[in-house]
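Read the structure below first, then the notes.
Throughout, a chain's letter reflects where its sequence line sits, starting with A, and its residues are numbered from 1.
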Number of protein chains: 2
Amino acid sequence: MLSKKSQYAFKALSYLSQKFNDGPVLISEIARKKKIPLKFLENILLELKKADILDSKKGKGGGYFLKKKPEQIKVATIIRLVNGPISMLPCVSLYFYERCKNCNEKHCALHDMMVEVRDATLDIVENRTLRDLMDE
Amino acid sequence: MLSKKSQYAFKALSYLSQKFNDGPVLISEIARKKKIPLKFLENILLELKKADILDSKKGKGGGYFLKKKPEQIKVATIIRLVNGPISMLPCVSLYFYERCKNCNEKHCALHDMMVEVRDATLDIVENRTLRDLMDE
DNA sequence: TATTAGTCCACCGGGTTGGTGGGCTAGTAT
DNA sequence: ATACTAGCCCACCAACCCGGTGGACTAATA
């Protein structure tokens with residue numbers, strides 16, 4: 001399950017995608033419009049900035065904005081960043097791989113099944129971007 | 001990600017599937033063969049028994065055994081039981097559904113995408129059983 | 001220079017995860 | 001009936017994560 005943090009992140013990013021051509025957007029505006037706890041959102045946006053997804057401007061007229069165009073930011077990237085691994089097992093993860101003790105990955109049926117699940121999931125989230133989340 | 005508990009559960013169930021025709025299997029035997037902490041495994045097996053997946057016999061010659069044939073126990077059932085929701089959002093879950101506030105599920109692009117992910121995943125785990133995990 | 005708005009840090013309660021220990025009880029073989 | 005066996009149950013544990021808050025600081029801008 002995606003954490004609330006991840007859900008907030010997607011809401012905020014979706015909002016910023018809509019406002020992509022309008023210059024910086026205040027944290028407080030996002031928080032109000034998307035009903036996200038202000039201080040919590042602050043942390044999330046800062047994290048996204050450090051990960052090079054967002055950029056910000058301080059002082060009057062400041063705020064947050066996407067560093068790239070919405071269609072250039074993949075959903076998979078955001079999930080990995082904010083939520084962690086997409087795979088169901090460490091030993092099938094591409095970005096958070098950990099060797100699986102007591103399960104030689106060559107002959108482990110669970111492993112093989114989870115590879116399938118992973119690929120089916122990635123097939124979706126790697127091919128969608130923030131642009132696809134810009135509804136309403 | 002599947003919890004360690006879930007991974008242990010699958011290992012234990014896979015072992016019990018192999019031994020399906022051999023009568024009750026000791027917790028201690030499973031723990032030893034599959035390298036699972038004994039007491040932790042005890043809890044897991046008890047939970048699976050209460051969920052009607054396993055049955056047990058007490059006293060000498062006792063142990064645990066599958067209540068149904070391996071091919072009659074779906075992987076999806078076990079995941080839901082031990083790990084929880086398979087979906088990435090509560091509002092797209094079939095078995096753990098929760099209404100999504102501030103996101104009318106009719107026009108939420110994230111929701112729609114996660115429905116796709118859910119279906120792709122279920123397509124795999126609903127169609128595999130413990131029989132498919134009986135390797136080696 | 002005053003104001004604005006992001007930055008940073010510390011803390012918090014509560015829940016989950018991954019266990020462990022000990023005693024009890026019910027079933028089984030003898 | 002008895003002894004033994006093996007599951008059952010309860011309580012507790014440390015460590016970590018989740019969701020969130022408060023306050024001070026700093027950098028940019030008008």
Any B/Leu89 side-chain heavy atom under 4.5 Å of B/Val115 side chain: no
field: Ion pair B/Lys34/B/Glu29, N-O distance below 4.0 Å
entry: no
field: Gap between atoms CZ and P, on B/Phe40 and C/dT16 respectively (whole Å)
entry: 14 Å
- prompt: At under 4.0 Å, does any side-chain N or O of B/Tyr8 touch on OP1 or OP2 of C/dG19?
  reply: yes
field: Spacing of B/Gln7 atom CD relative to C/dT17 atom C1', expressed in whole Å
entry: 13 Å
- request: Figure out the CG/C1' separation between B/Leu48 and D/dC8, and round it to whole Å.
  value: 15 Å
Nearest to side-chain heavy atoms of A/Lys4, which nucleotide of D/dT5, D/dG20, C/dT20: D/dG20
query: Pick the nucleotide of DNA chain C nearest each of B/Gly61 and B/Asn83; which residue has the one closer to the 5' end?
result: B/Asn83
task: Would you mind classifying the nucleic acid contact of B/Leu26 as base, sugar-phosphate or nothing, using non-hydrogen atoms under 4.0 angstrom?
output: sugar-phosphate
query: What nucleotide among C/dG6, D/dG23, D/dC9 has an atom nearest to a side-chain atom of B/Leu46?
result: D/dC9
task: From the options D/dT5, D/dG22, C/dA26, select the nucleotide whose nearest atom is closest to the side chain of A/Lys39.
output: D/dG22
- line: Side-chain atoms of B/Glu42 come closest, of D/dT5, D/dC8, C/dC8, to D/dC8
- request: Look at the side-chain N and O atoms of B/Lys50 and state whether any lies under 4.0 Å from the OP1 or OP2 oxygen of D/dC8.
  value: no
task: Rounded off to whole Å, could you give me the CD1-to-P distance for the A/Ile44 and D/dG20 pair?
output: 9 Å
message: Rounding to an integer number of Å, can you tell me how far A/Leu45 CG sits from C/dG6 P?
response: 9 Å
- prompt: Can you tell me how far C1' of C/dA29 sits from NZ of B/Lys58, to the nearest Å?
  reply: 17 Å
B/Glu71 bridged to B/Arg128 by N-O distance under 4.0 Å: no
message: Quick check on the 6.0 Å ring-centre criterion: do A/Tyr8 and A/Phe40 meet it?
response: yes
- prompt: For B/Leu38 and C/dG22, what is the distance between atoms CG and P respectively, to the nearest whole Å?
  reply: 14 Å
- request: Ignoring the backbone of B/Ser56, work out which of D/dG20, D/dC8, C/dG18 is nearest its side chain.
  value: D/dC8
Side chains of A/Leu45 and A/Ile30 in contact at under 4.5 Å (non-hydrogen atoms): yes
statement: When rounded to whole Å, the NZ to C1' distance for the pair A/Lys57 and D/dT26 reads 17 Å
- prompt: Quick one: which of D/dA28, C/dG18, C/dC9 gets closest to the side chain of A/Asn43?
  reply: C/dC9
- prompt: Within the structure shown, what part of the strands sits under 4.0 Å from A/Ile27 by heavy-atom distance: base, sugar-phosphate, or nothing?
  reply: sugar-phosphate
